[in-house]
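Single-structure report; data block below.
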Amino acid sequence: IRKFVTSTSTMSVAMKNITVIGGGLMGSGIAQVAAQTGHNVVLVDISEDLLNKSQNNIHKSLERVAKKKYPTSPEDSQKFISETLSQLTLNTKVEDAVKTSDLVIEAIVENLDTKQKLFYNLDMCAPEKTIFASNTSSLPISEIAFSTQRKDRFGGLHFFNPVPVMKLLEVIRIPETSDETYNKLIAFGKQMGKQTVTCKDTPGFIVNRLLLPYMSEAIRMMERGDASCRDIDIAMKLGTGYPMGPFELADYVGLDTTKFIFDGWYERYPEMTQFKTPDLLSKLVSEGKFGQKTGEGFYVYEKK
Ligand code: 3HC
């Protein structure tokens, strides 16, 4: 009995201190949900300016969550927001931010070299016990982990945008990931309130492997003039119950990000024609039309 009690309490304490690297859309969302679910979170980015922007975004998102959680009590809402924010600290120095970290989640730019350099440095300054995870949406976890000496304590944690709303977390094992690490990643996902699914280290894991070819088929359908993007979106929403059609979703995720994933995959796997970047996507990106964030993608958005 003693052993059981000890191992359970170590489990919950084991992943209490979380470091999130990268304060963009995904990193902020991950940091927010980790703080909301009782973890001590350090969010890291290269400048204070960027971190302040992340904190503002987290604050706005927390207001939406609080409104839903406590619809009739502004006091409880405020308490929830301030308690969550008190679990979160900001830091521009990775070396300091990982000192007591149990888990580091990387959510920086989708560039293999940059990620490898980051993890190489982290491997030098993080304690032995610290588990490393990448939130990459398209790069092989094995190649990111290659720069470290702790492949047994390495895995993928792939979240979905918007992180506070989307219930899914893909947990990726590489061949070297130990059972202990894997179990801790799964337990962490549950603590975050997510439904976890497990996938091998294959391109796009489960969701993006199916989502990207679906988006590209939709774009090609429009390019052929078979149907308009509006009608394709309506069809997929009302015909299959998706909350957004493929064009709305591409605009929401970002056409630059979407193109980046296609380009990377097609370069690596030229035999996979379903990974070929659709021409219209490249054209829109070359015109600076990245979707909702720039005010125009497949659709035009009114400035808020
Ligand atoms: N933070 C907190 N709450 C948020 C939020 C955020 N950033 N964004 C939306 N919400 C909440 C709203 O407050 C609202 O709450 P309510 O139900 O209490 O009113 C609820 O979510 C619904 O939001 P809205 O009313 O503004 O709008 P919608 O009903 O259209 O929902 C959506 C928005 C949740 C984004 C929904 O359209 C959706 O689920 N879209 C699909 C998203 C998706 O597929 N994401 C995955 C993309 S792929 C990916 O991320 C992988 C990467 O590797 C590319």
Side-chain angles (χ1 to χ4, degrees), residues 22-37 53-72 77 80-81 84-85 105-111 115 133-141 144 156-172 192-195 197 199 202-216 218 233-234 236-238 240-265 275 281 290-293 297 299 301-302 304:
L25 210 58
M26 297 305 286
S28 309
I30 297 166
Q32 176 190 330
V33 178
Q36 262 173 245
T37 49
K53 279 188 189 130
S54 310
Q55 199 176 28
N56 279 341
N57 289 336
I58 291 174
H59 198 275
K60 276 189 212 141
S61 174
L62 278 174
E63 281 175 347
R64 296 173 84 170
V65 177
K67 214 167 158 188
K68 196 187 298 196
K69 227 172 145 89
Y70 305 103
T72 56
S77 272
F80 164 78
I81 294 171
T84 304
L85 289 176
I105 306 174
E106 166 275 312
I108 64 165
V109 59
E110 280 288 271
N111 178 297
K115 286 186 197 283
S134 174
N135 177 58
T136 180
S137 42
S138 62
L139 298 168
I141 303 291
I144 301 172
L157 287 177
H158 186 221
F159 290 86
F160 296 85
N161 182 28
V163 183
V165 179
M166 304 309 282
K167 295 264 174 280
L168 185 69
L169 174 63
E170 292 178 325
V171 179
I172 292 87
M192 292 275 280
K194 301 298 179 196
Q195 169 71 56
V197 291
C199 186
T202 61
F205 316 127
I206 300 174
V207 172
N208 283 347
R209 178 67 178 80
L210 297 177
L211 190 60
L212 276 271
Y214 156 73
M215 281 178 179
S216 102
D233 276 349
I234 291 175
M236 293 314 291
K237 283 191 286 188
L238 301 187
T240 68
Y242 287 0
M244 287 176 167
F247 296 96
E248 286 172 315
L249 187 57
D251 274 358
Y252 183 71
V253 168
L255 301 192
D256 51 339
T257 308
T258 309
K259 175 176 154 51
F260 196 82
I261 300 175
F262 274 121
D263 287 348
W265 284 356
F275 290 164
L281 182 65
F290 295 172
Q292 279 191 19
K293 60 184 160 189
Y299 295 99
Y301 299 86
E302 274 177 33
K304 281 183 196 158

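Just follow the structure's listing: the first ligand is 1, and inside any ligand the first atom is 1. We count residues from 1, following the sequence as given.
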Quick check on [atom] - does any protein heavy atom sit closer than 4.0 Å to it?
{"atom": "atom 32 (C) of ligand 1", "value": "no"}
{"atom": "atom 41 (C) of ligand 1", "value": "yes"}
{"atom": "atom 26 (O) of ligand 1", "value": "yes"}
{"atom": "atom 48 (S) of ligand 1", "value": "yes"}
{"atom": "atom 22 (C) of ligand 1", "value": "no"}
{"atom": "atom 15 (O) of ligand 1", "value": "yes"}

Flag side-chain contact, heavy atom, 4.5 Å: F80 against E63: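 Counting from C-beta outward, F80 and E63 never come under 4.5 Å.
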task: Please tell me if the side chains of T257 and E110 come closer than 4.5 Å, counting only heavy atoms from C-beta onward.
output: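 The answer is no; the side chains never approach within 4.5 Å.
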Checking a contact table here: which protein heavy atom is nearest [atom], and how many Å away?
{"atom": "atom 2 (C) of ligand 1", "result": "S61 OG, 3.2 Å"}
{"atom": "atom 44 (O) of ligand 1", "result": "L249 CD1, 3.4 Å"}
{"atom": "atom 12 (C) of ligand 1", "result": "R64 NH2, 3.5 Å"}
{"atom": "atom 10 (N) of ligand 1", "result": "V165 CG2, 3.4 Å"}

Closest candidate by heavy atom, reference atom 38 (C) of ligand 1, pool S28, S138, S137, P243: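 Residue with the shortest heavy-atom distance to the ligand atom: P243.
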query: With respect to atom 18 (O) of ligand 1, which of E63, M26, K68 exhibits the smallest heavy-atom separation?
result: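 Comparing heavy atoms across E63, M26, K68, the nearest one to atom 18 (O) of ligand 1 lies in K68.
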Flag, side chain of [X] to backbone of [Y], donor-acceptor distance under 3.5 Å:
{"X": "S134", "Y": "G156", "value": "no"}
{"X": "K293", "Y": "V253", "value": "no"}
{"X": "D251", "Y": "Y299", "value": "yes"}
{"X": "T37", "Y": "A34", "value": "yes"}
{"X": "E170", "Y": "F205", "value": "no"}

What part of [X], side chain, backbone, both or neither, has a heavy atom within less than 4.0 angstrom of ligand 1?
{"X": "L211", "value": "side chain"}
{"X": "N161", "value": "both"}
{"X": "T257", "value": "neither"}
{"X": "M166", "value": "side chain"}
{"X": "P162", "value": "side chain"}
{"X": "N208", "value": "side chain"}

Sub-4.0 Å atoms of ligand 1 with respect to non-hydrogen atoms of [X]:
{"X": "M244", "result": "35 (C), 37 (O), 40 (N), 41 (C)"}
{"X": "V253", "result": "47 (C), 54 (C)"}
{"X": "Y252", "result": "35 (C)"}
{"X": "P164", "result": "1 (N), 2 (C)"}

Gap between atom [atom2] of [Y] and atom [atom1] of [X] - 0.5 Å precision:
{"X": "Q32", "Y": "M192", "atom1": "CD", "atom2": "CE", "answer": "9.5 Å"}
{"X": "H158", "Y": "N208", "atom1": "NE2", "atom2": "CG", "answer": "5.0 Å"}
{"X": "S137", "Y": "F160", "atom1": "OG", "atom2": "CZ", "answer": "9.0 Å"}
{"X": "L139", "Y": "W265", "atom1": "CG", "atom2": "CH2", "answer": "10.0 Å"}

field: Contact check, Y242 vs ligand 1, heavy-atom distance below 4.0 Å
entry: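 It does not; every heavy atom stays at 4.0 Å or beyond.
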field: Residues K115, T136; criterion side-chain contact (heavy atoms from CB on, under 4.5 Å); working and verdict
entry: CA-CA 9 Å; K115 286 186 197 283; T136 180; 4.2 Å; yes
task: Could you tell me how the ring of Y214 sits relative to the ring of Y242: parallel (under 30°), tilted (30 to 60°) or perpendicular (over 60°)?
output: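 Rings of Y214 and Y242: perpendicular, as their planes differ by over 60°.
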field: Polar contact flag, side-chain donor to acceptor under 3.5 angstrom, T84-Q36
entry: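 On atom types as modelled, these side chains do not qualify, holding no pair under 3.5 Å.
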